Enquirer: 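My questions all concern the structure below.
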Number of protein chains: 2
Amino acid sequence: MKIGELAKRTEVSIRMLRYYEAEGLLKPTRAANGYRHYGQGEIRTVERIKLLGSAGMTLATIKQFLPCVRGEGPVFEPCDELRNVLHEQIEFADQKAAKLAQSRAILESFLFDIERQ
Amino acid sequence: MKIGELAKRTEVSIRMLRYYEAEGLLKPTRAANGYRHYGQGEIRTVERIKLLGSAGMTLATIKQFLPCVRGEGPVFEPCDELRNVLHEQIEFADQKAAKLAQSRAILESFLFDIERQ
DNA sequence: ATTGACTCTTACAGCGCTGTTAGGGTTTAG
DNA sequence: CTAAACCCTAACAGCGCTGTAAGAGTCAAT
């Protein structure tokens with residue numbers, strides 16, 4: 001599919017799809033006319049990028065482990081390091097979740113203070 | 001206390017403390033020499049700002065309800081709207097938490113994929 | 001063949017946050 | 001008195017993300 005369609009399906013702007021590519025997260029093929037061409041799998045990839053990104057992960061970070069799981073054949077890569085990165089990121093996510101919970105609690109205490117009077 | 005001390009106590013850079021002020025989140029008094037002067041309460045305020053900020057809240061957003069809870073006397077302000085903002089933000093935090101959880105799950109699935117082989 | 005929708009590249013610009021630098025005053029301790 | 005440490009303002013700069021515009025080629029339908 002062409003970029004416009006992928007954009008519609010994933011609700012990610014064309015601008016950003018091209019940006020993902022520039023950052024090495026997508027590698028669409030090119031038609032003779034220069035148009036980008038995406039396969040079905042890219043939808044899933046983009047969804048994942050969206051999700052990880054919405055959790056505050058940077059594209060550079062996402063890129064680190066995306067190739068390992070994009071289904072590009074067996075991984076002989078530095079997967080020991082990848083494991084580490086993943087562990088790091090998971091822990092990071094946990095920290096973020098903790099902060100978020102505290103934050104939410106503060107908001108609620110604010111609400112409580114306001115509400116009672 | 002002066003800005004340097006507040007910075008040390010809260011672990012927020014002097015730069016950022018001044019920025020908070022520029023954005024209307026802090027209102028230190030000024031000594032005759034122009035030095036900013038902070039009271040004890042500011043520590044707590046800054047901690048809250050830190051926490052809310054670390055949860056992805058923008059300073060402009062935080063500012064919306066901070067005055068209402070900074071202990072600046074009774075609140076006759078548009079607190080109905082504040083209530084709404086708070087509810088919005090809480091819901092927002094919940095959404096973020098959900099995303100974060102999904103994100104974490106993805107990371108773990110990646111880890112799982114790598115680990116088994 | 002023309003038109004409208006789509007695509008391409010390049011580049012500028014903005015947001016929110018943060019560090020750094022420049023240039024200058026103030027305070028404190030030796 | 002001097003030097004170190006601290007404070008002030010103002011401004012530039014970068015990061016990561018995102019929109020928008022300019023200028024040009026491509027495609028599909030009429």
Side-chain angles (χ1 to χ4, degrees), chain A residues 1-39 42 45-66 85 89 92-93 96 99-100 103, chain B residues 1-39 42 45-66 85 89 92-93 96 99-100 103:
Chain A
M1 81 197 83
K2 285 182 288 181
I3 199 168
E5 195 181 338
L6 183 59
K8 260 171 207 148
R9 292 210 192 170
T10 58
E11 292 182 293
V12 169
S13 73
I14 290 178
R15 174 70 175 84
M16 289 311 293
L17 290 177
R18 293 203 265 242
Y19 184 59
Y20 289 173
E21 180 181 357
E23 296 299 303
L25 300 190
L26 291 178
K27 302 201 191 307
T29 58
R30 296 292 185 125
N33 53 14
Y35 286 15
R36 288 168 180 82
H37 205 249
Y38 300 88
E42 315 294 85
T45 303
V46 173
E47 294 295 356
R48 284 177 161 179
I49 295 174
K50 267 176 71 174
L51 206 45
L52 296 173
S54 73
M57 225 161 285
T58 213
L59 288 189
T61 302
I62 299 175
K63 182 184 174 181
Q64 289 187 278
F65 41 76
L66 198 65
V85 177
Q89 287 303 315
F92 208 55
K96 221 174 277 177
K99 296 271 189 182
L100 197 51
S103 208
Chain B
M1 84 197 80
K2 286 181 289 180
I3 200 169
E5 195 181 338
L6 183 59
K8 260 171 207 148
R9 293 210 191 168
T10 58
E11 293 182 294
V12 169
S13 73
I14 290 178
R15 174 69 176 85
M16 288 312 291
L17 290 177
R18 294 202 265 242
Y19 184 60
Y20 289 172
E21 181 181 357
E23 296 298 303
L25 301 190
L26 290 179
K27 302 202 192 306
T29 59
R30 295 293 184 126
N33 53 13
Y35 286 15
R36 289 169 181 81
H37 204 248
Y38 301 88
E42 315 294 86
T45 303
V46 173
E47 295 294 357
R48 282 177 162 181
I49 295 174
K50 266 177 72 174
L51 207 45
L52 295 172
S54 74
M57 225 161 285
T58 212
L59 288 189
T61 301
I62 298 175
K63 182 185 175 182
Q64 289 186 278
F65 41 78
L66 198 65
V85 177
Q89 287 303 316
F92 208 54
K96 223 174 277 179
K99 296 270 190 183
L100 198 50
S103 209

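Keep in mind that this is a model prediction, so the values were computed, not measured. Sequence lines set the chain letters: A, B, ... in the order given, protein chains first and strands last, and positions in each chain run from 1.
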Enquirer: Nearest 0.5 angstrom please: B:T61 OG1 to B:F92 CZ, how far?
Expert: 8.0 Å
Enquirer: Can you tell me if B:K50 has over 12 outside heavy atoms packed within less than 6.0 Å of its NZ?
Expert: yes
Enquirer: For A:Y19 and C:dT9, give me the distance from atom OH to atom P, rounded to whole Å.
Expert: 16 Å
Enquirer: Could you state the atom-to-atom distance from CD1 of B:I49 to P of C:dT18 in whole Å?
Expert: 11 Å
Enquirer: So, is A:T58 close to the D:dC15 phosphate, meaning a side-chain N or O under 4.0 Å from OP1 or OP2?
Expert: no
Enquirer: What string of B, S and - do you get for nucleotides 4-14 of chain D, 5' to 3', when a contact is any protein heavy atom under 4.0 Å?
Expert: --BSSB-B---
Enquirer: Calculate the interatomic distance between A:L6 atom CG and C:dT7 atom C1'; express it in whole Å.
Expert: 14 Å
Enquirer: Is there side-chain contact between B:Y19 and B:L59, with at least one heavy-atom pair below 4.5 Å?
Expert: yes
Enquirer: Given atom CG of B:L59 and atom C1' of C:dT18, what is their separation to the nearest angstrom?
Expert: 11 Å
Enquirer: Measure from CG on B:L52 to P on C:dC17 and round the result to the nearest Å.
Expert: 12 Å
Enquirer: Do any side-chain atoms of residues 7-15 of chain B form donor-acceptor pairs under 3.5 angstrom with protein atoms, and if so which ones, sequence neighbours left out?
Expert:
{"from": "B:R9", "atom 1": "NE", "to": "B:E5", "atom 2": "OE2", "distance (Å)": "3.3"}
{"from": "B:R9", "atom 1": "NH2", "to": "B:E5", "atom 2": "OE2", "distance (Å)": "2.5"}
{"from": "B:T10", "atom 1": "OG1", "to": "B:L6", "atom 2": "O", "distance (Å)": "2.7"}
{"from": "B:T10", "atom 1": "OG1", "to": "B:V12", "atom 2": "N", "distance (Å)": "3.3"}
{"from": "B:S13", "atom 1": "OG", "to": "B:M16", "atom 2": "N", "distance (Å)": "3.1"}

Enquirer: Atom CE of A:M57 to atom C1' of D:dC17: distance rounded to whole Å?
Expert: 16 Å
Enquirer: Over how many whole Å does the gap from A:E23 atom CD to D:dT18 atom P extend?
Expert: 11 Å
Enquirer: Whole angstrom is fine here: how far is it from CD in B:Q64 over to C1' in C:dG16?
Expert: 15 Å
Enquirer: Flag the pair B:K96 / A:K96 as yes when at least one side-chain heavy-atom distance between them is below 4.5 Å, and no otherwise.
Expert: no
Enquirer: Could you check whether any side-chain heavy atom of A:L26 comes within less than 4.5 Å of a side-chain heavy atom of A:Y38, counting everything from C-beta outward?
Expert: yes
